[in-house]
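Order of the sequence lines sets the chain letters (A, B, ...), proteins ahead of strands, with each chain counted from 1.
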Amino acid sequence: MKKGITKRSEDFSRWYTDVIMKARLADYSPVKGCMVIRPNGYALWEKMQSYLDIMFKETGHENAYFPLLIPESFLEKEAEHVEGFAPECAVVTHGGGKKLEEPLVIRPTSETIVWAMFKKWIMSYRDLPLLINQWCNVLRWEMRTRLFLRTTEFLWQEGHTAHATAEEAEEETLQMLNVYQTFAQEYAAIPVIPGRKSEREKFAGALHTYTIEALMQDGKALQAGTSHNLGQNFARAFDVTFQDKNGEQQLVYATSWGMSTRMIGALIMTHGDDQGLVLPPKMAPLSVVFIPIFKGKEGHGEILEFIDQIAASLDRDITYRVDAREEYTPGWKFNEWERAGVPIRVEVGPRDLQRGEVVVVRRDTREKVNLAKDKVKEKIRELLDEIQTSLFQRALRFRQENTMRVDDYQTFREVVAEQGGFLHAHWCGDPECEDQVKQDTMATIRCIPIESEDEDGVCVRCGKPSGERIYFGKAY
RNA sequence: CGGGACGUAGCGCAGUCUGGUCAGCGCACCUGCCUUGGGAGCAGGGGGCCGGCGGUUCAAAUCCGCCCGUCCCGACCA
């Protein structure tokens, strides 16, 4: 294996794959377009799951599981939905050595089978709201794949809810968008812009789609989570009605929302550096690694004992590991654990032992401090918080520095071509302008921000009036 | 599906133009010694259908044809 990691400035996408391979997050599988998520990568997914699952349950949702296989006819019931997803579906045509009567689609998303079931479960307004989430894998036959960001099969969670009124559905959609924003910012330390997708970019079958958009270090945008208000589209397609308080039959209102293993890609590309992965402490499966430094044959035991004492004094929730392998030198281990993104490293050698000290090194800045033994517990707690905050601040600063207010098309094109980032510009709302911009620059509308100031301006492309600025950018 | 690069040991590659002297290097791995404060050193060792099939030739990793696969850059997308 190549020793180093390609520098970000040299080739960002190589850097990205290098980091994943060196940190052993994932590997290419024998199946084209599919990856194997290795223990280090899966641990990140488990962290994500644990935080999100709690938030889903706090907001009243329950987990369930629906089949992987969906009858082809289900998909066809919602016109926009089938148009959007059919081209990227894998279809099972044979089973048990026989051709199937009806082909089964491997779920690209589960709205159709969920709503086929919701029809059975929803009779009355008393059955509403129905708040379901499922953790699962889905399959989308993408043309080009990229580890974590776009693979043929990926892991995600998909929430599916049913409501009695349009207002409730909209409220739910926004509530879950907010959950995603909280997760992204407070746990993953990734600043995001919540907003609405344009008609062109919305989910196939939705009334409208909300998104959180993040900016990666190479100036490209990444959609990090989506929440859809499906209106009555799926209720209509699957004939899901309920009897209201007045005894009348009404169509149900729906939402769906999802966040995937793609978030791990966002984590890598937001915080990583030329040494490898940098993990926000709240996402790091391992918070602290202790590295003993041995001198000569004697005294190994004393050093390890010293480390054990310190480790035992740490707060329970802090995960640590002592890397006492003798076959590797300290320098080798430093590199190894930095590559893996472990937030804090503690070095303990004979010199430290003598003084009753340790060397504490933070991963994000690689800053070292000498510290008395009895100060370690407190310092580690403090550092973990500080790293968490400072990673977010650093990413936020990066985004601010790479968000340009642009008012003329010439500049717009130059900025997209030369520096990337978010372009904060006016748009008239016409899909034709959106298409033209995409054609000219490859930039798309990332979102129409939820929080925006009213400002009179003119569309950056066509000059027609616009009342607010929206975000454009080149996306993954 | 268009454009590019590539397929030789677990990984990264050289060798291909100019056929033979070609099964090679670095890392990783194994054994031993020695070492440990930013990827240590020495010695020894194991490991190969040179992507597949076919052709040319006395002779093919090398030339020709077809196929398969992968990665990167676009169109599609969480």
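In this structure, A:Gly258 reaches neither bases nor backbone, as no heavy-atom distance under 4.0 Å exists between it and the strands shown. Heavy atoms of A:Pro350 sit under 4.0 angstrom from at least one base atom. Using a 4.0 Å heavy-atom criterion, one finds that A:Val138 contacts no nucleic acid atom at all.
Side-chain N or O atoms of A:Gln185 include one that pairs as donor or acceptor with a backbone N or O of A:Val192 at under 3.5 Å.
Base pairing of B:A61: no nucleotide in any strand meets the Watson-Crick or G-U wobble criterion (both distances under 3.5 Å). With a cut-off of 3.5 Å on both Watson-Crick or G-U wobble distances, the partner of B:G2 is given as B:C73. Partner assigned to B:A14 is none, using Watson-Crick or G-U wobble distances below 3.5 angstrom. Across all strands shown, B:G52 is found opposite B:C66 as a Watson-Crick or G-U wobble partner, with both distances under 3.5 Å.
Annotation: of the two residues near RNA chain B, A:Phe294 and A:Glu327, the 5′-most nearest-nucleotide partner is A:Phe294.
Using cut-offs of 30° and 60° for the angle between ring planes, the A:Phe183 and A:Tyr187 rings count as parallel.
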Where do N or O atoms of nucleotides 73-78 of chain B meet protein N or O atoms at under 3.5 Å, pair by pair?
residue	atom	partner	partner atom	Å
B:C73	OP1	A:Ser13	OG	3.1
B:C73	OP2	A:Arg144	NH2	2.2
B:C76	OP1	A:Lys438	NZ	3.2
B:C76	OP2	A:Lys438	NZ	3.4
B:C76	O2	A:Glu142	OE1	3.2
B:C77	O2'	A:Glu142	OE2	2.8
B:C77	O2	A:Arg150	NE	2.5
B:C77	N3	A:Arg150	NE	3.1
B:C77	N3	A:Arg150	NH2	3.4
B:A78	O3'	A:Gln223	NE2	2.5
B:A78	O3'	A:Arg262	NH1	3.2
B:A78	O2'	A:Gln223	O	3.3
B:A78	O2'	A:Arg262	NE	3.4
B:A78	O2'	A:Arg262	NH1	3.0
B:A78	N6	A:Thr151	N	3.1
B:A78	N6	A:Thr151	O	2.7
B:A78	N3	A:Ser260	OG	3.1

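Of the candidate nucleotides B:C71, B:C34, B:G39, B:C71 has the atom lying nearest to any side-chain atom of A:Tyr28.
At a cut-off of 3.5 angstrom, counting only N and O atoms as typed in the model, there is no donor on one side facing an acceptor on the other between the side-chain of A:Lys333 and the base of B:G37.
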